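All figures in this text were calculated on a predicted structure; none of them were measured in a lab.
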Amino acid sequence: GNVSADAVAFSGGGSVTLDEAGNDFNTIAGTSNGVITIRDGDGLTVGTVGAQTGLTSSGNTINVTTGNNLTVSNAVTAGAGDVNLTSDGNITSTNDGVADILGATVNLIAKLGGIGAVGAGVEVTATTALNADTTADNGNIYLDSIGNAPLGVINAGTGDVNLTSTGNITDALNTLAANVLGANIS
């Protein structure tokens with residue numbers, strides 16, 4: 001059934017699944033040795049709840065889907081696992097020079113409002129591929145890669161893309177196809 005609470009914290013040895021479209025919580029945090037799957041019907045902050053901070057899996061996939069804006073205030077860390085963040089609103093994170101989203105392949109989809117903001121790019125570390133998509137509303141994409149940036153597809157449609165990296169920017173697809181699509185790319 002649906003979970004409704006201001007804040008949800010968890011710590012588990014296996015997978016954690018809170019995947020009901022009617023879930024309604026404002027802040028979530030937890031650690032699991034398995035796959036983490038979270039769905040929230042409106043806006044959600046990955047933050048601190050009690051002793052739990054951010055979302056951490058031990059090398060397993062983390063999936064977060066929201067019905068409105070997704071704010072990453074504390075790290076989403078999948079280690080060797082993938083991170084899939086899908087928001088019906090925008091995706092933002094704290095801007096402090098430290099990666100807020102860490103995983104092998106990182107997939108960010110924002111359907112209304114873009115990813116990051118001017119001067120406050122979403123800070124990401126992806127070891128295999130970094131993908132971002134705002135084509136649903138052609139929102140702008142602002143990404144700050146902490147370390148190398150192995151690009152999959154970054155697609156802002158007719159929106160702008162701003163990508164910075166503290167390491168090398170490489171082609172994770174290893175094809176002739178464009179990795180970055182947008183009206184203005186910097």
Side-chain angles (χ1 to χ4, degrees), residues 15-19 21 28 30 32 34-40 43-46 54-94 99-117 120-157 159-165 167 169-175 177-182 185:
S15 294
V16 173
T17 303
L18 296 169
D19 194 24
I28 193 157
S32 173
V35 172
I36 297 172
T37 302
I38 305 297
R39 180 181 294 187
D40 184 73
L44 179 65
T45 296
V46 176
L55 294 174
T56 303
S57 73
S58 298
N60 291 293
T61 299
I62 298 175
N63 303 298
V64 178
T65 303
T66 65
N68 204 328
N69 299 333
L70 174 60
T71 303
V72 181
S73 293
N74 293 102
V76 175
T77 307
D82 297 336
V83 175
N84 303 300
L85 304 182
T86 303
S87 173
D88 282 353
N90 63 30
I91 299 174
T92 59
S93 73
T94 56
D100 294 308
I101 303 165
L102 303 94
T105 297
V106 174
N107 299 300
L108 306 173
I109 300 171
K111 297 179 182 176
L112 181 64
I115 297 172
V122 170
E123 295 170 323
V124 178
T125 297
T127 57
T128 303
L130 172 58
N131 300 293
D133 186 331
T134 58
T135 57
D137 83 331
N138 299 303
N140 296 330
I141 297 174
Y142 299 90
L143 295 171
D144 296 335
S145 177
I146 307 302
N148 294 334
L151 299 184
V153 176
I154 310 296
N155 190 347
D160 296 338
V161 176
N162 179 275
L163 174 66
T164 64
S165 179
I169 298 175
T170 59
D171 179 0
L173 302 176
N174 201 23
T175 68
N179 294 80
V180 183
L181 305 155
I185 300 169

**Student:** Taking the side chain as C-beta and beyond, is there a heavy-atom pair between L85 and V46 under 4.5 Å?
**Tutor:** no

**Student:** Distance check, rounded to the nearest 0.5 Å: I169 atom CD1 versus N179 atom CG?
**Tutor:** 10.5 Å

**Student:** If you compare all heavy atoms of A80 against all heavy atoms of A104, which two are closest, and at what distance to 0.1 Å?
**Tutor:** O-CB, 3.4 Å

**Student:** Of L143, L108, L55, which is the lone residue that meets side chain to side chain contact (heavy atoms under 4.5 Å, CB included) with I101?
**Tutor:** L108

**Student:** Which pairs with one or both residues in residues 121-132 pass side chain to side chain donor-acceptor pair (under 3.5 Å), sequence neighbours excluded?
**Tutor:** N107-N131

**Student:** Could you state the interatomic distance from CG (N68) to CG (L44), rounded to the nearest 0.5 Å?
**Tutor:** 10.5 Å

**Student:** Specify the closest pair of heavy atoms between I115 and A110, including all atoms of both residues, with the distance to one decimal.
**Tutor:** CG1-CB, 3.7 Å

**Student:** Do any pairs count as a salt bridge (charged side-chain N to carboxylate O under 4.0 Å, His left out) and have a residue in residues 70-89, sequence neighbours left out, and if so which ones?
**Tutor:** D88-K111

**Student:** Mind checking side-chain contact (heavy atoms from CB on, under 4.5 Å) for N140 and listing every partner two or more places apart, or none if nothing turns up?
**Tutor:** Y142, D160

**Student:** Donor-acceptor pair, S165 side chain versus G167 backbone, under 3.5 Å?
**Tutor:** yes

**Student:** Who passes side-chain contact (heavy atoms from CB on, under 4.5 Å) against T164, sequence neighbours left out?
**Tutor:** D144, N162

**Student:** Would a 4.5 Å heavy-atom cut-off, applied to side chains only, mark V122 and V72 as touching?
**Tutor:** no

**Student:** OG1/T86 to CZ/R39 distance, rounded to the nearest 0.5 angstrom?
**Tutor:** 9.5 Å

**Student:** Tell me, please, which residues at least two apart from D100 pass side-chain hydrogen bond (donor to acceptor under 3.5 Å, both in side chains).
**Tutor:** S93, T94

**Student:** Just jot down the side-chain hydrogen bond (donor to acceptor under 3.5 Å, both in side chains) partners of S73, sequence neighbours excluded, or say none.
**Tutor:** none

**Student:** Using the side-chain hydrogen bond (donor to acceptor under 3.5 Å, both in side chains) criterion, which residues pair with S32? Sequence neighbours excluded.
**Tutor:** none

**Student:** Verify, without hydrogens or angle tests, whether D133 (side chain) and T135 (backbone) share a donor-acceptor contact under 3.5 angstrom.
**Tutor:** yes

**Student:** Is there a donor-acceptor pair under 3.5 Å between the side chain of S15 and the backbone N or O of V35?
**Tutor:** yes

**Student:** According to the salt bridge (charged side-chain N to carboxylate O under 4.0 Å, His left out) rule, which pairs have a member within residues 61-71, sequence neighbours left out?
**Tutor:** none

**Student:** Residues two or more places apart in sequence or in another chain: which of them pass salt bridge (charged side-chain N to carboxylate O under 4.0 Å, His left out) with D137?
**Tutor:** none

**Student:** Applying side chain to side chain contact (heavy atoms under 4.5 Å, CB included), run through V64 and I28 and close with a yes or a no.
**Tutor:** CA-CA 10 Å; V64 178; I28 193 157; over 6 Å; no

**Student:** Can you sort out the partners of T66 under side-chain hydrogen bond (donor to acceptor under 3.5 Å, both in side chains), two or more places apart, ordered by chain and number?
**Tutor:** S87

**Student:** Counting C-beta onward and ignoring hydrogens, is there a side-chain heavy-atom pair between S145 and V124 closer than 4.5 Å?
**Tutor:** no

**Student:** Just to verify, what does S57 make a side-chain contact (heavy atoms from CB on, under 4.5 Å) with, not counting sequence neighbours?
**Tutor:** I36, N60, I62, A78

**Student:** Looking only at heavy atoms, what is the nearest atom pair of A126 and V106, with distance?
**Tutor:** CB-CG2, 3.9 Å

**Student:** How would you list, by chain and number, every residue that makes a side-chain contact (heavy atoms from CB on, under 4.5 Å) with A156, sequence neighbours excluded?
**Tutor:** T134, I141, V161

